[in-house]
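Proteins get letters first, then strands, A, B, ... in listed order; numbering begins at 1 in each.
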2 protein chains.
Amino acid sequence: MKLSANEEYGLRCLVRIGYAGEGGSLTIPEMSQAEGVSPAYAAKILRVLRKGGFVKAARGKDGGYTLARPAEAIVIGDVMDALGGRIFESSFCDSHSGQAAICTRSVDCSVRSLWRAVQVAVDQVLSKATLRDLLQNEEEMNTWVRTIPGARGLHVIQ
Amino acid sequence: MKLSANEEYGLRCLVRIGYAGEGGSLTIPEMSQAEGVSPAYAAKILRVLRKGGFVKAARGKDGGYTLARPAEAIVIGDVMDALGGRIFESSFCDSHSGQAAICTRSVDCSVRSLWRAVQVAVDQVLSKATLRDLLQNEEEMNTWVRTIPGARGLHVIQ
DNA sequence: AGTAATCTTGACTATAAAGTATAGATTGGC
DNA sequence: GCCAATCTATACTTTATAGTCAAGATTACT
Ligand code: FES
Ligand code: FES
């Protein structure tokens, strides 16, 4: 249950583009320098964001990447799904079943129930966060986090 | 942000041992058959659980694995940490920083704040679940999930 | 048309995670 | 003591993820 490199860099890149503002754009070399990754890798990450419909690309001179919609219309949960998939998917128990066709307890599995609960807990945060929220500074973001319904206590490690 | 194979099989194996009850034990071949994985792989997983202090192993004839403590004293969050690490650790931003020494925004990073919020949301579920809870059937587990403070609405996808 | 800046694509390599194989150590029963 | 059943440790192979490379396509400007 770790963040993948795709998720980490993908979200950071999207935030950078968001910072460029309405109509502003960022090129691959700029992104590469801003995040400290190779241009080729930045290109690969930006491709995922483009295919997910979060950014638009313009080619040629004066080209670059731009948000496909206003920042407040980009839900971070959707971005994360595009970048790295979900913790619990219905297909999960099929693909982690060893030699058996499915989890040997699939008709009545308390573990599955726990995974679902974890997934929902994560979704509660990610489905309420938009790119607009991430364009704030860290302190404002911390304040925002505490407003998530059902997430009282989230300040404990801030 | 996916479950690793270690986490999935590790938790399932622990539940199996829990089912064996107080003093009951399970051998590697039994575990292998129960979960449909190879004996060698079951051994590898059980080693992690043993090193984490969740199970005890007895060698030789009549040997096998037993819970190291009562099921209610085994917190699932601790088990998950041993099996697969955490989503957000302080070292994370150091190791995903491209060529830069740290995230180029590390003094004021809203992304980091979001990761923390996700980690806390997950912890709210996993720190309250003990192995005892997982020894129930799925329906009882679903009921239990709804009792997590701050997790109202967790039933939406049940 | 020519050129430089830009994105696009697919193949490639490197590294980490998943899963297997093998030799060794411990225990209980005969 | 010997043997069979069991766990233990390490090295190995396979597969997935991370990251690089090189050739090509598009655009703006002159
Ligand atoms: S059905 Fe997926 S872990 Fe049991
Ligand atoms: S400090 Fe880790 S993402 Fe910015």
Side-chain angles (χ1 to χ4, degrees), chain A residues 1-13 16-17 20 24-33 35-52 54-66 68 82-85 91-92 95-100, chain B residues 1-13 17 20 24-33 35-66 68 82-85 91-92 95-100:
Chain A
M1 223 156 63
K2 287 189 186 147
L3 288 167
S4 68
N6 246 12
E7 290 169 319
E8 169 73 6
Y9 289 126
L11 190 50
R12 284 200 215 163
C13 287
R16 293 266 176 207
I17 298 171
S25 76
L26 266 171
T27 67
I28 285 173
E30 286 168 343
M31 183 66 75
S32 160
Q33 178 147 40
E35 287 301 337
V37 299
S38 74
Y41 191 33
K44 190 173 186 177
I45 293 163
L46 286 164
R47 178 146 93 126
V48 179
L49 289 175
R50 175 172 53 85
K51 296 221 162 186
F54 306 109
V55 302
K56 284 183 302 196
R59 291 199 200 185
K61 211 163 192 298
D62 303 336
Y65 291 89
T66 298
L83 291 169
S91 63
F92 183 86
S95 59
H96 289 76
S97 47
Q99 298 167 320
Chain B
M1 223 156 64
K2 287 185 186 151
L3 288 167
S4 68
N6 246 11
E7 290 168 319
E8 169 73 6
Y9 290 126
L11 190 51
R12 285 200 213 161
C13 286
I17 297 171
S25 77
L26 266 169
T27 67
I28 285 173
E30 286 168 343
M31 183 66 75
S32 161
Q33 178 146 41
E35 287 300 338
V37 299
S38 74
Y41 191 32
K44 191 175 185 176
I45 295 163
L46 286 164
R47 179 146 94 125
V48 178
L49 290 175
R50 174 173 52 87
K51 295 221 161 188
F54 306 109
V55 302
K56 285 182 300 192
R59 290 200 200 185
K61 210 158 192 304
D62 304 335
Y65 290 89
T66 297
L83 291 168
S91 64
F92 183 87
S95 60
H96 288 76
S97 48
Q99 298 167 319

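- Under 4.0 angstrom from either OP1 or OP2 of D:dT8 there lies at least one side-chain N or O belonging to B:Y65.
- Side-chain contact between B:Y65 and B:I28 is present, with heavy atoms from C-beta onward closer than 4.5 Å.
- Counting non-hydrogen atoms of other residues, nucleotides and ligands closer than 6.0 Å to CD of A:E30 gives a total above 12.
- Taking the nucleotide of DNA chain D with the nearest heavy atom to each of A:G60 and A:A40, the more 5' of the two is matched to A:A40.
- For B:L46 and D:dT8, the CG to P distance is 9 Å, given to the nearest whole Å.
- Contact of A:K44 with D:dG19 (side chain to base): a donor-acceptor pair of N or O atoms is detected under 3.5 Å.
- With rounding to whole Å, A:N6 atom CG is found 16 Å from C:dA17 atom C1'.
- OP1 or OP2 of D:dG19 has not a single side-chain nitrogen or oxygen of A:S38 nearer than 4.0 Å.
- Looking at the side chain of B:K61, the nearest of the listed nucleotides D:dA5, C:dC7, D:dG19 is D:dA5.
- In this structure, SG on B:C13 lies 9.0 Å from OH on B:Y41, to the nearest 0.5 angstrom.
- If you take NZ of A:K56 and P of C:dC7, they are 15 Å apart, rounded to a whole angstrom.
- Going from atom OH of B:Y41 over to atom C1' of D:dA11 covers 17 Å, rounded to whole Å.
- At least one side-chain heavy atom of B:I17 sits under 4.5 Å from a side-chain heavy atom of B:M31.
- With rounding to whole Å, A:I28 atom CD1 is found 18 Å from D:dG24 atom P.
- Between the CZ atom of B:R59 and the P atom of D:dC3 there is a distance of 21 Å, rounded to whole Å.
- For the pair A:R47 CZ and D:dA18 P, the interatomic distance rounds to 15 Å; values are reported in whole Å.
- What separates CD of A:E7 from C1' of D:dT17 is a distance of 12 Å, to the nearest Å.
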